[in-house]
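Every heavy atom of this structure was used, including side-chain atoms; hydrogens, water molecules and symmetry mates were not. In this text, all values refer to a predicted model and were calculated from it rather than measured experimentally.
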Amino acid sequence: MKKWPLIILIAAVIGLILAFIIGQLLPNMRTTNSDIEVNITDPALIKQGQYVARTADCVACHTVLGGEDYAGGLPMLTPLGAIYSTNITPDKATGIGNYTFNEFKNAVKHGVRSDNSALYPAMPYPSYQIMPDDDMAAMYAYFMSDVKAVNAPNIKSELPPIANWRWPLAYWQVLFDRKRDFVPETDDAVLARGQYLVEGPGHCGSCHTERGIGFQEIALTNADSEEYLSGAVIDGWRAKSIRGEHRGLGTWNVSELNDFFKTGRTDTTAAFGAMAEVVEHSTQYMTDNDLNAMSSYLKTLTPAPNKEVTLPVKKDVTTQKLLDGNYDSRGALLYVEYCTVCHRADGKGVPRIFPALDGNSAVYARNADSVLQITLGGGRMPETPHDRMAFTMPEFTNLADADIAEVVNYVRNSWTNQAPEISVNDVVKMRAFLAKKPKTGTDVAPDLSITAAAKGAK
């Protein structure tokens, strides 16, 4: 009987060694070779590659605020710690300058580095997998010939030991990143193009679809499940449902979506958090036809299961109370002191300047994380040529936790809004999260609420 512990230990060691060996071999089974000959000096191919890179939003994740484009270093939080985006400039020492086309393609589409190690799934290769090799060739030409080479060593992850091993990721890929091709849901060319952009290069599901126990997207397509694009929490933000329910895109039309993707705002709302970076670095550069295709496709998505298609009608009694000076709660008093100057007594804000709070589905979402984070940490609009100025919201970290809870609950349930109330404990948790969160471009908010200058003054 005394031999059994030793036998078990030996078996465990042998099993671990075998798992390691197989884990080292699995990435090779995912890679594919293409006989495409890429002329990296072809101006037309480079221009196409630049556009494809914009649709794939590569710059947002691989660039830090104030840093060189594509030089990496942007922190991305995981439940186990931060990982950092890599340098994808053509620098031969620290970037991808030595990558062949097939190595580039296998990294982007299949999550396998040039040394045959698996990439973290923070890189949205499950989405990029459906992109055609011709687009990969165009991107390769763009990165190798038009992107400035930057010598910037990659930053090691902050994952704990064992969790930062690469070879187990190969098993993650086997389990959660099945081989697939793009399958259009319709013969309509516009909707099919929109589906491709949403499902592939746009990788909308990376933020807007819930993650499973293995940190995998629970659905990669609408055909997989109607939970696809039904909303998720990422990096402390609530990426709202972009399906057809009331709290999703049910109250939006195609024209408003096109305007939002092009400019980062509409008459009633504005992009914030990670979405501000998507607009600033990606969607504002897309063609009107592609934006319309994407918006049109999103509007075909039915409401997510068990989510409200509509909400009960609620009469606005808030506006008149505020105009009359009837501040009947602590939340009302705080709103008047800190919020009315921008968002007005009627909660309608100022079109294309200060977002509305009344009727804003990001405000009355069931999950209040985004409202809490932007109240505590501030935020900024994306800058685009369409609007003369961009605006920021100041942070209100100086307010007590109880006051933050009061004003957030007030905003989420005043005018016509209807939302579950939060507790002081929710504020405490968000404040602790923000204290640990590395600062990124959209997390840095100046002290003033109007900070951007006219484009011509830059």
Side-chain angles (χ1 to χ4, degrees), residues 50-60 127 184-186 188-209 222 228-231 239-304 348-356 359-363 365 370 379-391 442 452 455:
Q50 181 183 39
Y51 183 75
V52 174
R54 286 293 189 187
T55 65
D57 200 22
C58 304
V59 68
S127 296
E185 298 174 7
T186 174
D188 185 297
V190 172
L191 295 181
R193 174 65 177 172
Q195 178 194 342
Y196 165 75
L197 290 167
V198 168
E199 194 177 300
H203 60 279
C204 302
S206 294
C207 290
H208 292 275
T209 301
N222 188 46
Y228 175 62
L229 301 180
S230 63
K240 63 179 284 180
S241 170
I242 48 177
R243 298 184 67 91
E245 64 272 10
H246 192 95
R247 298 179 195 270
L249 297 183
T251 60
W252 292 61
N253 59 42
V254 170
S255 178
E256 289 170 329
L257 282 170
N258 289 341
D259 190 20
F260 182 78
F261 287 135
K262 192 74 174 179
T263 71
R265 60 184 95 173
T266 68
D267 284 347
T268 58
T269 193
F272 57 85
M275 192 63 207
E277 292 186 349
V278 171
V279 172
E280 188 164 299
H281 298 301
S282 176
T283 56
Q284 70 159 309
Y285 297 99
M286 293 171 66
T287 64
D288 290 342
N289 285 341
D290 274 354
L291 291 180
N292 186 66
M294 195 160 57
S295 300
S296 299
Y297 172 71
L298 288 173
K299 285 299 293 180
T300 68
L301 298 179
T302 57
K348 300 297 186 184
V350 178
R352 304 196 72 82
I353 298 177
F354 302 121
N360 187 329
S361 57
V363 172
S370 289
R380 68 175 181 88
M381 293 180 179
E383 293 188 25
T384 73
H386 185 278
D387 294 283
R388 183 174 176 82
M389 302 178 76
F391 299 85
T442 50
K455 297 293 187 290

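The minimum heavy-atom distance between G264 and P382, with the atom names listed, is CA-CG, 3.7 Å. The two residues T266 and F260 make their nearest non-hydrogen contact at CG2-CB, 4.0 Å. Y51 and Y285 make their closest contact through CE1-O, 3.6 Å (heavy atoms, listed as atom of the first residue, atom of the second, distance). A pairwise comparison of heavy atoms in T302 and R243 identifies O-NE, 2.8 Å as the closest pair. In terms of heavy-atom proximity, V190 sits nearest to D188 at N-OD1, 2.9 Å. Between W252 and L257 the shortest heavy-atom distance is CE3-CD2, 3.6 Å.
Considering only heavy atoms from C-beta on, Q284 comes within 4.5 Å of P385 through its side chain. Using a 4.5 Å heavy-atom threshold, the side chains of D387 and T263 count as touching. The shortest side-chain heavy-atom distance between Y297 and E185 falls under the 4.5 Å cut-off. Counting only heavy atoms from C-beta outward, the side chains of P355 and F272 never approach each other to under 4.5 Å. When side chains are defined from C-beta on, M381 does not count as touching R352, because their heavy atoms never get closer than 4.5 Å. Within the 4.5 Å cutoff, the side chain of M294 has heavy atoms near those of the F261 side chain. Side-chain atoms of L298 and L229, non-hydrogen and from C-beta on, do get closer than 4.5 Å to each other. Side-chain contact between D288 and K262 is present, with heavy atoms from C-beta onward closer than 4.5 Å.
Under the 3.5 Å distance criterion, the side-chain polar atoms of K240 are left unmatched by any main-chain donor or acceptor of L249. Checked by atom type and distance alone, the side chain of K348 never pairs as donor or acceptor with a backbone atom of T268 at under 3.5 Å. Side-chain N or O atoms of E245 include one that pairs as donor or acceptor with a backbone N or O of A304 at under 3.5 Å. Between the side chain of T55 and the backbone N or O of V52, at least one donor-acceptor pair lies under 3.5 Å. When atom types are taken as modelled, the side chain of E277 and the backbone of A274 share no donor-acceptor pair closer than 3.5 angstrom. Judged by distance alone, the side chain of S282 and the main-chain N or O of R54 form a donor-acceptor pair under 3.5 Å.
There is a side-chain donor-acceptor pair under 3.5 Å between S295 and N258.
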Run E280 and T384 through side-chain contact (heavy atoms from CB on, under 4.5 Å) and show every step you take. CA-CA 7 Å; E280 188 164 299; T384 73; 5.9 Å; no

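Residue Q195 holds its CD atom at 9.0 Å from CG of L301, rounded to the nearest 0.5 Å. Atoms CG and OG1, from N222 and T209 in turn, are 10.0 Å apart once rounded to the nearest 0.5 Å. Rounded to the nearest 0.5 Å, atoms CD1 (I353) and CE (M389) are 8.5 Å apart. Put simply, NZ on K299 and CG on L191 are 13.0 Å apart, with the number rounded to the nearest 0.5 Å. Expressed to the nearest 0.5 Å, how far CG of D57 lies from OG1 of T283 amounts to 8.0 Å. A distance of 10.0 Å separates CD in E383 from NE2 in H281, rounded to the nearest 0.5 Å.
Applying the ring-ring contact (aromatic ring centres under 6.0 Å, His included) rule to H208 yields no partners; only residues at least two apart in sequence or on another chain are considered.
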